[in-house]
Amino acid sequence: MRLDDIEIVPYDGQWAELFAQQQERVAGALRPWLIGPVEHIGSTSVPGLPAKAIIDMMARVQDINSVEPQAMQAIGWVPAPEPGDTDQRKLSFCYPTVEERSHHLHLVEHASEGWKTWLAFRDHLKAHPDKAAEYARIKKELAARDSRDRVAYRAGKAPFIEDVLKGL
(Lines give C-alpha, C1' and ligand atoms only; values in the text may rest on other atoms or scores of the structure.)
Protein backbone atom coordinates (compact mmCIF):
# COMPACT_ATOMS: atom_id res chain seq x y z
CA MET A 1 0.00 0.00 0.00
CA ARG A 2 1.40 3.37 -1.06
CA LEU A 3 1.62 5.95 1.72
CA ASP A 4 2.79 8.88 -0.33
CA ASP A 5 0.51 11.37 -2.06
CA ILE A 6 0.98 12.23 -5.69
CA GLU A 7 2.98 15.41 -5.33
CA ILE A 8 4.57 17.10 -8.30
CA VAL A 9 7.65 19.04 -7.20
CA PRO A 10 10.02 21.33 -9.13
CA TYR A 11 12.91 19.65 -10.92
CA ASP A 12 15.77 18.77 -8.57
CA GLY A 13 19.27 18.77 -10.01
CA GLN A 14 20.21 15.98 -7.59
CA TRP A 15 17.89 13.47 -9.27
CA ALA A 16 20.61 12.55 -11.77
CA GLU A 17 23.03 11.85 -8.90
CA LEU A 18 20.43 9.81 -7.00
CA PHE A 19 19.94 7.75 -10.14
CA ALA A 20 23.69 7.26 -10.58
CA GLN A 21 24.11 6.05 -7.00
CA GLN A 22 21.57 3.27 -7.49
CA GLN A 23 22.48 2.59 -11.12
CA GLU A 24 25.85 1.16 -10.11
CA ARG A 25 24.33 -1.00 -7.37
CA VAL A 26 21.53 -2.31 -9.61
CA ALA A 27 23.87 -3.01 -12.52
CA GLY A 28 26.17 -4.95 -10.21
CA ALA A 29 23.33 -7.03 -8.76
CA LEU A 30 21.82 -7.78 -12.17
CA ARG A 31 25.08 -8.22 -14.10
CA PRO A 32 24.48 -11.92 -14.91
CA TRP A 33 21.23 -11.07 -16.70
CA LEU A 34 21.62 -7.51 -18.08
CA ILE A 35 21.80 -7.00 -21.83
CA GLY A 36 22.00 -3.22 -21.83
CA PRO A 37 22.58 -0.29 -19.52
CA VAL A 38 20.42 0.58 -16.53
CA GLU A 39 18.54 3.64 -17.79
CA HIS A 40 17.09 6.68 -16.02
CA ILE A 41 13.54 7.07 -17.34
CA GLY A 42 10.42 8.98 -16.38
CA SER A 43 10.03 12.63 -15.54
CA THR A 44 12.98 12.82 -13.15
CA SER A 45 15.25 12.02 -16.11
CA VAL A 46 14.19 15.15 -18.02
CA PRO A 47 16.12 18.24 -16.90
CA GLY A 48 13.77 21.02 -15.81
CA LEU A 49 10.64 18.84 -15.73
CA PRO A 50 8.63 18.89 -12.48
CA ALA A 51 7.92 15.36 -11.25
CA LYS A 52 7.04 13.06 -8.40
CA ALA A 53 10.33 12.74 -6.53
CA ILE A 54 10.72 9.06 -7.38
CA ILE A 55 13.61 8.03 -9.61
CA ASP A 56 12.30 5.69 -12.31
CA MET A 57 14.83 3.25 -13.69
CA MET A 58 14.69 0.60 -16.39
CA ALA A 59 16.92 -2.38 -17.14
CA ARG A 60 16.66 -5.02 -19.86
CA VAL A 61 17.27 -8.75 -19.63
CA GLN A 62 17.02 -11.53 -22.20
CA ASP A 63 14.59 -13.69 -20.20
CA ILE A 64 12.66 -12.30 -17.27
CA ASN A 65 12.16 -15.82 -15.88
CA SER A 66 15.89 -16.37 -15.51
CA VAL A 67 16.36 -13.40 -13.14
CA GLU A 68 16.76 -14.25 -9.46
CA PRO A 69 14.84 -11.57 -7.50
CA GLN A 70 17.04 -12.28 -4.47
CA ALA A 71 19.85 -10.44 -6.25
CA MET A 72 17.87 -7.20 -5.91
CA GLN A 73 16.78 -7.98 -2.37
CA ALA A 74 20.44 -8.49 -1.43
CA ILE A 75 21.09 -4.80 -2.17
CA GLY A 76 18.01 -3.56 -0.30
CA TRP A 77 15.46 -3.41 -3.11
CA VAL A 78 12.03 -5.00 -2.58
CA PRO A 79 9.64 -6.62 -5.08
CA ALA A 80 6.76 -4.30 -6.01
CA PRO A 81 4.51 -6.13 -8.46
CA GLU A 82 2.32 -3.90 -10.60
CA PRO A 83 -0.78 -4.66 -12.67
CA GLY A 84 0.33 -5.76 -16.12
CA ASP A 85 3.82 -6.89 -15.13
CA THR A 86 3.21 -10.44 -16.38
CA ASP A 87 1.67 -9.33 -19.69
CA GLN A 88 4.45 -6.79 -20.24
CA ARG A 89 7.16 -9.35 -19.38
CA LYS A 90 8.58 -7.28 -16.55
CA LEU A 91 9.37 -7.27 -12.85
CA SER A 92 9.09 -4.22 -10.61
CA PHE A 93 11.24 -3.36 -7.61
CA CYS A 94 11.34 -0.37 -5.25
CA TYR A 95 13.95 1.11 -2.96
CA PRO A 96 13.93 1.27 0.01
CA THR A 97 10.27 0.23 0.52
CA VAL A 98 7.14 -0.01 -1.62
CA GLU A 99 5.29 2.40 0.66
CA GLU A 100 7.96 5.09 0.75
CA ARG A 101 10.01 4.57 -2.36
CA SER A 102 12.70 6.89 -3.58
CA HIS A 103 13.49 4.68 -6.61
CA HIS A 104 11.47 2.35 -8.82
CA LEU A 105 13.04 -0.20 -11.17
CA HIS A 106 11.23 -1.65 -14.19
CA LEU A 107 13.10 -4.82 -15.14
CA VAL A 108 11.92 -5.72 -18.64
CA GLU A 109 12.47 -8.47 -21.12
CA HIS A 110 14.31 -7.22 -24.19
CA ALA A 111 11.69 -8.71 -26.54
CA SER A 112 8.88 -6.68 -24.91
CA GLU A 113 7.77 -3.48 -26.59
CA GLY A 114 7.23 -1.15 -23.62
CA TRP A 115 10.81 -0.19 -22.91
CA LYS A 116 11.33 1.30 -26.36
CA THR A 117 8.44 3.72 -25.90
CA TRP A 118 9.69 4.76 -22.43
CA LEU A 119 13.03 5.77 -23.91
CA ALA A 120 11.44 7.45 -26.94
CA PHE A 121 9.08 9.48 -24.73
CA ARG A 122 11.91 10.52 -22.41
CA ASP A 123 14.12 11.55 -25.31
CA HIS A 124 11.30 13.49 -26.99
CA LEU A 125 10.62 15.51 -23.84
CA LYS A 126 14.33 16.26 -23.47
CA ALA A 127 14.44 17.56 -27.05
CA HIS A 128 11.14 19.49 -26.92
CA PRO A 129 10.83 21.78 -23.88
CA ASP A 130 7.39 22.94 -25.03
CA LYS A 131 6.08 19.37 -24.82
CA ALA A 132 7.77 18.90 -21.43
CA ALA A 133 6.03 22.05 -20.16
CA GLU A 134 2.66 20.80 -21.42
CA TYR A 135 3.24 17.45 -19.73
CA ALA A 136 4.15 19.21 -16.48
CA ARG A 137 0.91 21.21 -16.62
CA ILE A 138 -1.16 18.04 -17.13
CA LYS A 139 0.57 16.21 -14.27
CA LYS A 140 0.11 19.13 -11.87
CA GLU A 141 -3.59 19.41 -12.72
CA LEU A 142 -4.16 15.68 -12.24
CA ALA A 143 -2.31 15.62 -8.91
CA ALA A 144 -4.30 18.65 -7.70
CA ARG A 145 -7.62 16.92 -8.52
CA ASP A 146 -6.91 13.93 -6.29
CA SER A 147 -3.47 13.28 -4.87
CA ARG A 148 -4.41 9.72 -3.83
CA ASP A 149 -5.98 8.37 -7.02
CA ARG A 150 -3.07 6.80 -8.88
CA VAL A 151 -5.34 5.10 -11.41
CA ALA A 152 -6.91 8.42 -12.44
CA TYR A 153 -3.48 10.08 -12.49
CA ARG A 154 -2.05 7.48 -14.87
CA ALA A 155 -5.19 7.45 -17.02
CA GLY A 156 -5.17 11.24 -17.23
CA LYS A 157 -1.60 11.30 -18.54
CA ALA A 158 -2.17 8.52 -21.08
CA PRO A 159 -3.74 10.57 -23.93
CA PHE A 160 -0.83 13.04 -23.91
CA ILE A 161 1.75 10.24 -23.88
CA GLU A 162 -0.06 8.36 -26.67
CA ASP A 163 -0.26 11.54 -28.76
CA VAL A 164 3.47 12.18 -28.39
CA LEU A 165 4.33 8.58 -29.27
CA LYS A 166 2.10 8.62 -32.38
CA GLY A 167 4.14 11.53 -33.70
CA LEU A 168 7.47 9.69 -33.36
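Side chains are part of it too, since the values below use all heavy atoms of this structure and drop only hydrogens, waters and symmetry mates. Remember, predicted model here, so these are calculated numbers, not experimental data.
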Considering only residues two or more places apart or on different chains, which pairs with a residue in [range] satisfy salt bridge (Lys or Arg N to Asp or Glu O under 4.0 Å)?
range            : value
residues 17-42   : Glu39-Arg122
residues 152-168 : none
residues 71-86   : Glu82-Lys90, Asp85-Lys90

Report the residues that fulfil ring pair (Phe, Tyr, Trp, His ring centres under 6.0 Å) with His106, sequence neighbours left out, ordered by chain and then residue number.
->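 His106 satisfies ring pair (Phe, Tyr, Trp, His ring centres under 6.0 Å) with His104, Trp118 once adjacent residues are dropped.
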Sequence neighbours excluded, the answer for salt bridge (charged side-chain N to carboxylate O under 4.0 Å, His left out) partners of Asp63 is Arg89
Quiz: residues 138-145 side-chain donor-acceptor pairs under 3.5 angstrom, not counting sequence neighbours:
{"residue": "Lys139", "atom": "NZ", "partner": "Ser43", "partner atom": "OG", "Å": "2.7"}
{"residue": "Lys139", "atom": "NZ", "partner": "Pro50", "partner atom": "O", "Å": "2.9"}
{"residue": "Glu141", "atom": "OE1", "partner": "Arg137", "partner atom": "NH1", "Å": "3.4"}
{"residue": "Glu141", "atom": "OE2", "partner": "Arg137", "partner atom": "NH1", "Å": "3.1"}

When you compare the side chain of [Y] with that of [X], does any pair of heavy atoms fall below 4.5 Å?
X      : Y      : answer
Ile54  : His103 : no
Phe160 : Leu165 : no
Lys52  : Tyr153 : yes

What is the minimum heavy-atom distance between [X] and [Y], and which atoms define it?
X      : Y      : value
Val98  : Ala80  : CG2-CB, 3.7 Å
Leu49  : Ala136 : CD1-CB, 3.7 Å
Glu109 : Gln62  : CG-O, 3.2 Å
Pro47  : Ser45  : CD-O, 3.4 Å

When Ile, Leu, Val, Met, Phe, Trp and Tyr are grouped by side-chain heavy atoms lying under 4.5 Å apart, directly or through other members, which residues fall in the same group as Leu18?
->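 Taking Ile, Leu, Val, Met, Phe, Trp and Tyr as members, Leu18 shares its hydrophobic cluster with Val9, Tyr11, Trp15, Phe19, Val26, Leu30, Trp33, Leu34, Val38, Ile55, Met57, Val61, Ile64, Val67, Met72, Ile75, Trp77, Leu91, Phe93, Tyr95, Leu105, Leu107.
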Mind checking the CD1-OG1 spacing from Ile161 to Thr117? Nearest 0.5 Å is all I need.
-> 9.0 Å
Look up atom NE2 in His40 and atom CD in Gln22, then write down how far apart they are to the nearest 0.5 Å.
->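 So the NE2 of His40 and the CD of Gln22 are separated by 12.0 Å.
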Take Ile6 and Arg148 through the test side-chain contact (heavy atoms from CB on, under 4.5 Å) and record every step on the way to the result.
-> CA-CA 6 Å; Ile6 300 167; Arg148 304 295 288 171; over 6 Å; no
Within the side chain of His124, is there an N or O that forms a donor-acceptor pair under 3.5 Å with the backbone of Ala120?
->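 No, His124 side chain to Ala120 backbone: no donor-acceptor pair under 3.5 Å.
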Partners meeting side chain to side chain contact (heavy atoms under 4.5 Å, CB included) with Gln70 (sequence neighbours left out) | Glu68, Gln73
Thr97: side chain to side chain contact (heavy atoms under 4.5 Å, CB included) partners, not counting sequence neighbours = Glu99, Glu100
Do you reckon Leu119 sits in the same ILVMFWY cluster as Leu168, going by side-chain contacts under 4.5 Å, direct or chained?
->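 Each belongs to a different hydrophobic cluster.
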Does Ile8 share a hydrophobic cluster with Val151, counting links as ILVMFWY side-chain heavy atoms below 4.5 Å and allowing steps through other members?
-> no
